[in-house]
Amino acid sequence: MASFIPSELEQKWQQKWEDGDIFSARTADGQKKYYVLEMFPYPSGRIHMGHVRNYALGDVVARFKRAMGFNVLHPMGWDAFGLPAENAAIERGIHPGTWTTENIAAMRAQLKTMGLSYDWGRELATCMPDYYRHEQKMFLDFLKKGLAYRKESWVNWDPVENTVLANEQVVDGRGWRSGAPVERRRLSQWFLAITRYGDELLNAIEGLDRWPDKVRLMQQNWIGRSQGAEVDFVIDGKKDSAVTVFTTRPDTLYGASFIALSPQHPLAAELAETKPQMADFIAECAQLGTSEANIERAEKKGIFTGLYAVHPLIDGQKLPVYVANFVLMDYGTGAVFGCPAHDQRDLDFARACSLPVIPVVRPHDSDDNFSIEDEAYTGPGILFNSAGWSGLDIEAGKEAAINALESSGAGRRKITFRLRDWGVSRQRYWGCPIPIIHCPTCGAVPVPEEQLPVCLPDDVECDSPGNPLDRHPTWSDVACPQCAGAAKRETDTFDTFFESSWYFLRYTDPHADTAFSAQAAAYWMPVDQYIGGVEHAVLHLLYSRFFMRALSDVGYLDLAEPFAGLMTQGMVCHQSFRDENGNWLFPEEVEKRGDNWVLKSDGRGVHAGRVEKMSKSKRNVVDPEHIIATYGADTARLFMLSDSPPERDLEWTEAGVEGAHRFIQKIWKLSWSVTPCARDFYFDSSAEIGEAASTLARALHKASHGIATDIERFAFNRCVAHLHILVTAITDYHNSPSTDKNAFSYAMQQLAIVLSPFSPHIAEEIWQRSGGEGFVSQAGWPDADPAWLKEDVIEVAVQVNGKMRARISLAVDCPREDAEQIALGDEAVQKHLGGQTPKRVIVVPNRIINIVC
RNA sequence: GCGGGCGUGGCGAAAUUGGUAGACGCGCCAGAUUUAGGUUCUGGUAUCCCAAAGAUGUGGGGGUUCAAGUCCCUCCGCCCGCACCA
C-alpha cells in the first residue's frame, strides 16, 4: 500500500480540475441555476482559519448543488480597498497597491491548496479601475436621480496628524498614533439616501424566509421605525425661536421636567460662543468621538444653558434646557424632552440635577398615589396627573396628545427612522475616487461619463498620515467640465462598503464593459446562498439590499433582494496561553503534561486562558497553510465541518484535527481494496441478497438521504456523523466472510460521491479506482431508495405517569390499540402500575406511550 | 447604554421541532495485535450506587403540560454588533 501523502494527491486532482476547466459557470438557459457565494476576503496577506471555515462551508454547498444537477455559479474575488493597505504603506514604506497585489497573489495561492470549486475565470479585485469605474458611473446615476447628495457631518479629527480618524483609530478618546485627544470636525461629505428606502427595506424583511431570524431582527431594529410626534418648545423670552424635539411618548408630556440638547445641536454651538463653560463641555463631549457605543456608555453628564422652554400644554410651566452628552444629534432632532418618571436615563439625569419627577402613567393595579423611587415606570398603564388625558391608556393618550399638539400648532405626528443616510466620503487614498470636480463658480460638477474612470494616481507619497491625494501636486488640478475654468478634483474616496454592495452582480458578468449585463443578472441573481460572518448582519447586508433597489431605480436591473438565502457562520476560536509574565504565547510554544500546560522550551508553567476568537494580538492562532501542508486540505476541511454546527463558534483543537485525519486515513486504506466495479451494479431491494449486503445497502441509502437532508439544513456536523457510520458499515462488510468485491467497490464509489462535497480530493481518487467516469466532482447525487430506508420494527418507549419504565418493540405503524395492549402487558409496566387502573393512555405512534393513572 | 445571540457528559456536540436526553467524534479505561512505543482492532464510558433495582440530570429559580433541553416568567454567566475595521 502506498503511503498517504495528502499534498501529492491533492495537487494532482487540483491540476486535473484546472485542466478540465470543470468549475467554470456558463449561462445556460433552461438549466436550473444556483448561485453560491461566500463573502469575499480583504487581502490582508495570509488566509486565516475564519476564511478556511467560510470557504469550506460554501464549497460543500456548491459541490452538493452541482451533484443535484444545478448549474452552479461559485466565484471568488478580493475586497481590495481599505485602511490596512495605507497603514502598511506608512509603516513599511510600501505602496498600498503593491502591498495589496502581493497579498492577493499570496492568498490566491493559499486558497488554491484548499481544493475549492471556484470559477477562477470570474475573479475580481475591487481596486482595479476595471471594477471601480463602474461604481463611479453608478454614483453619477444616483446623483442624477437625487439618491446621492452632499451635506455636512461630523468626523473624528486628530489635531496632531491633521487627519480624519476611523473609530477604530480612536483609543480612549485619543488618536492611536499621535496620542492626541480627538476632536470632532464638521466636513461636507457625500451621502446616499438609504432612508428613502426605509419602509421598503423594513417591510421586505418579512419575505427573507431563508435568512436567520436573528439577522432579520437585527436589521429591523437597526432601521428602527418609530411613530411619535415632534413637539416645538418655545424658548422663554425668545418668541420666534423654538427647540423641536422628537418623542415616541407624547402621552407623557405632562410629566416633562427638562429639555436636553445634543452637544452638536446648533443652539448649543450658539451658546458656546458667549459661554466658555459651554464651549468646554462641548469640547469634552467631542473627545468621545463619533462612536455611538462610546457616547452611550459614558457617564451621563449635562450642563444647564440658563434657558427655559415653555411647556406647550401647561400654562406658566417652564422647563430648564440642558446640553447633555447622551442626546444624539443623528437621531430625531438632536433634542429630547425629559420625562424622568417614565424613562430610566431621564430619571438618572433628573436625580443628579435635582429636577422634579412627575409620574403620569400608573400601572393598572395601582391608584393615583403611584410614585417613582429609583426605577422609572415604562410598562403599560393608565394616564393620570395629565389634565384631560387622565384615565386614558397609553395608546389612546398618544393619540390625544398628537391631536392636541396638531390643533394648537405646537407639534405634529411624525415617523422617525433610526437608520441614517449613508455617508460614503472617506478622506483616504486607497479607495475609489469620487468622480466630482469642485469649481469655484459652478460648484460640485460631475466628471463627464466619457472621462471615466477617474483613476487613482500611482505616484503618491504614502509615508505620512493624511490623504496623499491632497498632497499630490497635479492630480487634482483640472478644468471645470462646465465653464473650463481652473477647478479641483474631489480628493475623497468611497467607503469600501460601496465596493462590497454590488460585487455579487459583477460576478454574473465579470468582463462586461458595463457594470454587468441585465441578462446575466436576470439569469444568475439573486444569490441563492450567501455565507459569511454574522458581524456583517447589519451594515454590509443592509447596504447591499439598498444598492439593489437603488440600481433597479436607475435602470441597471429589476430586482430588490440580492440574497435569497443567508447563512451566518460562527467564529473560529482557540485556547489562549500566557507565560508567568503575562505575555501571550503561540499554541505551538506550549504543550500539556498531565493536567498542566507548560512551555515546550523549558518546562515552565503556563497559564491556560479562555477559548476565544483567534486573534493575532492574543497569539491564539493556527496557520491554515501549516495545517494543510501537514494534514492535507481534505482533513482540514473535514475537521472544520465536523465538530460544531456552522452558525456556532468552533474551537480549533489539535486532537480534533488528528481525529479527522485518522478518518481520512481509514478511508485511504479501505480504498486500496477498491477495483473497478460493474457499471450497472446496484443493490436490489426486491431480491434476496443476504444479510451483509442488505445491511450495507441500507447504510448507503441512509447516508445519501441523510447527508442530502442535512446539507440542505446546514447540519454539516451531522453529515460527518453520517459519513462515519457509512464508513464503519463498509468496513464491516469488507471484513465479513460473505464480502463481494464488486459490491464493496460499488459501495466505495457511492461513498466517494457523498464524501466529495467535504473532502473532494480523496473522493476523486476512490472514484477513479472504482472505475467511475470523469470526475466525481461532476457525478450525480445517488437517489435514496425508500425501500432501503424503511424500518420494519421500531423501539417505542413506555412511560408510566411521565417516567420512562420500559421499551417495547413494535411493528412500524402498529395500530394504537395493539400498541396499548402490548405496553400494558409489559412486566415492568405492570410493576409500576402496582395494580392501579390507568386513567388515560396516550399513544404517539412509532414514538412513545404514556400511561397515566 | 441600546440591539442580537449562546449556555446539554471530562470535551465538541445530537435530539425527527413538545414525545426514549447524550447520535457521531474527541478524550479516558480495559482487552487484543506488536520485541517495545506508536499505529490498528474490540468492548466500556452522564452522575450517585459493588452490581441490580432505583434515583438524579440539559446555567440557577419558578410555571404550563399526560409529557419540557424544546413553550412562558425571572435571575446569572459568556459572546457579537453599534454606522470611518473589514
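Computed from a predicted structure; not experimentally measured. Chain A is the first sequence line, chain B the second, and so forth, proteins listed ahead of strands; every chain is numbered from 1.
B/U20 takes the anti form, because its glycosidic angle lies more than 90° either side of 0. For B/G62, the base is anti relative to its sugar; the glycosidic angle deviates from 0 by more than 90°.
Note on A/Ser642: nothing from the nucleic acid sits closer than 4.0 angstrom, heavy atoms only.
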Mind listing the side-chain donor-acceptor pairs of residues 84-91 of chain A below 3.5 Å, one per line with the distance, residues two or more places apart or on another chain?
unit_1  : atom_1 : unit_2   : atom_2 : d
A/Glu86 : OE2    : A/Tyr429 : N      : 3.1
A/Glu86 : OE2    : A/Trp430 : N      : 2.7
A/Asn87 : OD1    : A/Arg177 : NH1    : 3.3

I'd like a table of donor-acceptor pairs (distance under 3.5 Å, sequence neighbours excluded) in which one partner is a side-chain atom from residues 719-728 of chain A, with atom names and distances.
unit_1   : atom_1 : unit_2   : atom_2 : d
A/His722 : NE2    : A/Asp710 : OD2    : 2.7
A/Thr728 : OG1    : A/His724 : O      : 2.9

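On the nucleic acid side, RNA chain B has its first and last nucleotide under 4.0 Å of a heavy atom of chain A at B/G1 to B/A86, going 5' to 3'.
For A/Arg216, the salt bridge (Lys or Arg N to Asp or Glu O under 4.0 Å) partners two or more places apart in sequence, or in a different chain, are A/Asp213. Residues forming a side-chain hydrogen bond (donor to acceptor under 3.5 Å, both in side chains) with A/Thr653 (at least two apart in sequence, or on another chain): none. Under the rule for a side-chain contact (heavy atoms from CB on, under 4.5 Å), the partners of A/Thr416 that lie at least two apart in sequence or sit in another chain are A/Phe246, A/Tyr331, A/Lys414. Take A/Phe494 and apply the ring pair (Phe, Tyr, Trp, His ring centres under 6.0 Å) test, not counting sequence neighbours, and it matches A/Phe139, A/Phe498. For A/Ala352, the side-chain contact (heavy atoms from CB on, under 4.5 Å) test picks out no residue, with sequence neighbours left out. Annotation: side-chain hydrogen bond (donor to acceptor under 3.5 Å, both in side chains) contacts of A/Tyr197 (sequence neighbours excluded): A/Asp553.
Annotation: salt bridge (charged side-chain N to carboxylate O under 4.0 Å, His left out) contacts involving residues 636-658 of chain A, sequence neighbours excluded, comprise A/Asp59-A/Arg637.
Of the residues in residues 293-302 of chain A, A/Ala293, A/Glu296, A/Arg297 come within less than 4.0 Å of RNA chain B through at least one heavy atom, sorted by number.
If A/Ala715 and A/Val164 are placed on RNA chain B by their nearest nucleotide, the residue sitting closer to the 5' end is A/Ala715.
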Dot-bracket encoding of pairs in RNA chain B, which uses [ ] for pseudoknotted crossings and | for another strand, Watson-Crick or G-U under 3.5 angstrom: (((((((..(((......[....)))((((((.......))))))(((.....)))..(((((..]....))))))))))))....
